[in-house]
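Structure, as structure tokens:
Note that ligands are numbered from 1 as they come in the structure, with each ligand's atoms numbered from 1 the same way.
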Amino acid sequence: MHSSRAMAVRTVLPLNILLTGAPGVGKTTQGRERASRSGLKHINVGDSAGGEQLYDGYDEEYDCPILNELRVVNELGNQMSEGGVLVDDHSCDFFSERLFHTVFVLKTGNSVLYQRLETRGYNEKKLKDNVQCEIFQILYEEALASYEEEIVQQLPSNKLGDLEDNIDQILKWIEEWIKDHSS
Ligand code: DAT
């Protein structure tokens with residue numbers, strides 16, 4: 001995408017994209033790359049929460065901080081209301097449906113995901129629960145229940161080639177969206 005076109009996304013059109021999926025499927029990796037190539041601002045909810053005191057204690061069992069979803073929605077809602085944002089988070093049901101124009105759910109094969117989460121050092125319970133979450137397509141089901149079915153798209157994220165294919169796909173989607181909304 002040309003940079004002038006990329007700027008148009010942020011300055012003219014209130015476009016917001018949600019990128020979701022289980023931990024380890026590649027949201028942050030793809031979100032960062034897609035955002036930098038499309039002119040959108042990338043917000044990783046976990047990182048934002050860390051920086052802005054949006055946690056409510058710590059979950060010892062899962063070895064992770066507990067996000068206060070209401071405070072996250074208030075904080076990020078302001079930024080999203082202006083548009084031009086690509087949000088990545090493993091939860092997707094607590095944002096207002098109106099904030100997103102499209103939702104991409106990344107999907108990774110069980111053994112690949114297992115290896116990625118093992119490399120990350122997840123404890124056994126966290127590892128098994130997250131792989132099971134992917135086996136049962138929990139995030140995809142959650143996205144379908146939270147947003148209009150036609151704006152939810154599932155993308156594979158197993159190998160490096162998928163990264164490039166997915167980025168191409170979203171850039172094409174953005175171009176189409178701009179065309180449809182510019183006239
Ligand atoms: P998430 O943000 O969903 O938790 P991540 O972006 O941190 O996941 O990626 C987890 C790891 O997997 C990281 O080491 C990068 C790697 N990865 C992500 N997508 C990939 C892909 N399509 N092919 C190969 N490796 C990938």
Side-chain angles (χ1 to χ4, degrees), residues 1 16-52 54-55 58-59 61-69 72-73 75-76 79-80 85-95 99-100 102-147 151-174:
M1 176 176 284
N16 290 319
I17 294 173
L18 176 63
L19 186 59
T20 187
V25 293
K27 300 179 296 296
T28 308
T29 309
Q30 295 197 27
R32 206 181 292 127
E33 187 63 24
R34 288 174 192 203
S36 81
R37 285 165 63 176
S38 65
L40 295 169
K41 179 180 176 192
H42 176 215
I43 297 179
N44 173 294
V45 172
D47 285 353
S48 313
E52 295 164 33
L54 301 180
Y55 290 126
Y58 198 82
D59 184 328
E61 187 179 11
Y62 284 97
D63 190 22
C64 65
I66 301 163
L67 214 52
N68 181 314
E69 296 180 349
V72 170
V73 168
E75 177 62 36
L76 299 185
Q79 297 185 51
M80 282 187 258
V85 171
L86 187 153
V87 174
D88 99 57
D89 193 31
H90 61 267
S91 247
C92 66
D93 58 349
F94 60 91
F95 293 110
L99 287 175
F100 293 106
T102 190
V103 177
F104 291 94
V105 186
L106 299 182
K107 176 178 163 51
T108 301
N110 310 331
S111 52
V112 176
L113 186 62
Y114 191 97
Q115 279 171 8
R116 286 186 197 163
L117 297 182
E118 204 174 33
T119 306
R120 222 178 233 188
Y122 275 16
N123 68 42
E124 200 168 324
K125 175 162 176 52
K126 194 172 173 182
L127 206 158
K128 280 191 180 149
D129 284 358
N130 279 301
V131 172
Q132 227 168 42
C133 167
E134 185 65 354
I135 290 170
F136 291 113
Q137 304 274 290
I138 304 291
L139 272 301
Y140 184 51
E141 294 295 331
E142 200 172 285
L144 291 175
S146 308
Y147 302 93
I151 72 162
V152 177
Q153 304 180 53
Q154 206 172 24
L155 298 173
S157 179
N158 296 299
K159 49 190 194 313
L160 289 177
D162 293 335
L163 275 176
E164 202 52 40
D165 289 349
N166 291 345
I167 288 162
D168 281 351
Q169 189 159 332
I170 182 129
L171 293 179
K172 276 195 200 115
W173 186 91
I174 291 172

Under 4.0 angstrom from ligand 1, any heavy atom of [X]?
{"X": "P156", "value": "no"}
{"X": "G21", "value": "no"}
{"X": "H90", "value": "no"}

Kindly confirm or rule out an N or O of [X] lying under 3.5 angstrom from an N or O of ligand 1.
{"X": "P23", "result": "no"}
{"X": "R120", "result": "yes"}
{"X": "Q30", "result": "no"}

- Residues Y122 and L127: closest non-hydrogen pair is O-CD1, 4.0 Å

How long is the span from the [atom1] atom in [X] to the [atom2] atom in [Y], to the nearest 0.5 Å?
{"X": "L19", "Y": "T102", "atom1": "CG", "atom2": "OG1", "value": "10.0 Å"}
{"X": "Y147", "Y": "D93", "atom1": "OH", "atom2": "CG", "value": "7.5 Å"}
{"X": "D165", "Y": "I170", "atom1": "CG", "atom2": "CD1", "value": "13.5 Å"}
{"X": "L106", "Y": "N158", "atom1": "CG", "atom2": "CG", "value": "10.0 Å"}
{"X": "L139", "Y": "K27", "atom1": "CG", "atom2": "NZ", "value": "7.0 Å"}
{"X": "Q169", "Y": "L155", "atom1": "CD", "atom2": "CG", "value": "5.0 Å"}

- Query: Side chain, backbone, both or neither: which part of N158 comes within less than 4.0 Å of ligand 1 when only heavy atoms are counted?
  - Reply: backbone

Those atoms of ligand 1 less than 4.0 Å from some heavy atom in [X]:
{"X": "V25", "answer": "3 (O), 8 (O), 19 (N)"}
{"X": "T29", "answer": "5 (P), 6 (O), 9 (O), 15 (C), 18 (C)"}
{"X": "K159", "answer": "21 (C), 22 (N), 23 (N), 24 (C)"}
{"X": "A22", "answer": "3 (O)"}

Do me a favour and list the nearest non-hydrogen protein atom to [atom] with residue, atom name and distance?
{"atom": "atom 17 (N) of ligand 1", "value": "R116 CZ, 3.8 Å"}
{"atom": "atom 2 (O) of ligand 1", "value": "T28 OG1, 2.6 Å"}
{"atom": "atom 18 (C) of ligand 1", "value": "G26 CA, 3.5 Å"}

- Message: Do the side chains of D129 and K126 get close enough for a salt bridge, i.e. N-O under 4.0 angstrom?
- Response: no

- Are any of the protein's heavy atoms under 4.0 angstrom from atom 14 (O) of ligand 1, yes or no? no

- Query: Do side-chain atoms of N44 reach the backbone of T28 as a donor and acceptor pair under 3.5 angstrom?
  - Reply: no

